[in-house]
Amino acid sequence: MSLSQSARFARLLAFVVPAVLLGGAYVSQYGFGLYPCEMCWWQRWPHFVALGLAMLAFAVPPPRVWTALAALAILTSGAIGLFHAGVEYGWWPGITSCAAIASTGGGNALDNIMNTPLVRCDEPAWTLLGISLAGFNFLISTAAGLAILSLLVKDRRV
């Protein structure tokens, strides 16, 4: 059974959106030194799952099911992003306050631990127009996840 144009676009979005968001996260981490806190990592895991599910949608029938599952994973990351942004903006308390960056230095283990920077989950590492990276993840992931599901529903009506 061939997919409609909207279902093919939904499948493409289900792959591209998490790939771009994860790519941006790693560029900001390794290119600009914006190390992730623990809740930032929580937002990445559903995107990894979404990528895997989207790849299955290209290879294993039924593609609509895998695409819908990828959309749900993207929405999950968006929900975690909303929670994290709320912690950053002080709307509610977080579950955790900080995460350590693993030290890669060779020397003394205690020195490595003591010199490892702490990244706080309740302080945004970067903002644009008052929106943190967690806030952008919420906005982009939620919009993309809903768009993918909408495209799949539209495909069902055709």
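Quick note: numbers below take in every heavy atom, side chains included, and nothing from hydrogens, waters or symmetry partners.
- Proximity of Val87 to Phe83: side-chain heavy atoms (C-beta onward) are separated by under 4.5 Å at one or more points.
- Within the 4.5 Å cutoff, no side-chain heavy atoms of Phe9 are placed close to those of Ile148.
- Looking only at side-chain heavy atoms (C-beta outward), Trp42 and Thr76 stay at 4.5 Å or farther from each other.
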Take Leu149 and Thr67 through the test side-chain contact (heavy atoms from CB on, under 4.5 Å) and record every step on the way to the result. CA-CA 8 Å; Leu149 291 175; Thr67 303; over 6 Å; no

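- Taking the six-membered ring for Trp and thresholds of 30 and 60 degrees, Phe15 and Phe58 have ring planes more than 60 degrees apart, a perpendicular arrangement.
- Of all non-hydrogen atoms in Gly78 and Thr142, the two that sit nearest each other are CA-OG1, 4.1 Å.
- Shown here for Ala57 and Pro63, the closest heavy-atom pair between the two residues is O-CB, 3.2 Å.
- The backbone N or O of Leu3 sits less than 3.5 Å from a side-chain atom of Arg8, completing a donor-acceptor pair.
- The SG atom of Cys37 sits 3.5 Å away from atom NE2 of His84, with the distance rounded to the nearest 0.5 Å.
- Considering CG of Leu13 and CG of Leu152, their distance stands at 10.0 Å, rounded to 0.5 Å.
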Does Ser77 form a side-chain contact (heavy atoms from CB on, under 4.5 Å) with Asn137? I'd like the steps, not just the answer. CA-CA 8 Å; Ser77 180; Asn137 181 52; 3.1 Å; yes

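- Within the 4.5 Å cutoff, the side chain of Pro46 has heavy atoms near those of the Ile80 side chain.
- Taking every heavy atom of both residues into account, Gln43 and Gly81 meet most closely at OE1-CA, 3.2 Å.
- Aromatic ring pairs are classed by plane angle as parallel below 30°, tilted from 30° to 60° and perpendicular above 60°; the pair Phe48 and Trp45 is tilted.
- Ser141 and His47 form a side-chain donor-acceptor contact under 3.5 Å, judged by distance and modelled atom types alone.
- Shown here for Val49 and Ala73, the closest heavy-atom pair between the two residues is CG1-CB, 4.2 Å.
- Residues Ala70 and Ala14 come closest through the heavy atom pair CB-CB, 3.8 Å.
- By the 4.5 Å heavy-atom criterion applied to side chains, Ile74 and Pro18 are counted as neighbours.
- Counting only heavy atoms from C-beta outward, the side chains of Leu21 and Phe136 never approach each other to under 4.5 Å.
- Here the straight-line distance linking atom CG of Leu75 with atom CG of Leu82 works out to 12.0 Å at 0.5 Å rounding.
- Between the side chain of Arg11 and the backbone N or O of Arg64 there is no donor-acceptor pair closer than 3.5 Å.
- Judged by distance alone, with hydrogens and angles left aside, the side-chain atoms of Trp66 form a donor-acceptor pair with the main-chain N or O of Val60 at under 3.5 Å.
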Trace of the side-chain hydrogen bond (donor to acceptor under 3.5 Å, both in side chains) decision for Ser132 with Glu88: CA-CA 8 Å; Ser132 68; Glu88 291 174 334; 2.4 Å; yes

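- More than 12 heavy atoms of other residues, nucleotides or ligands lie within 6.0 Å of OH in Tyr89, so this atom counts as buried by the packing criterion.
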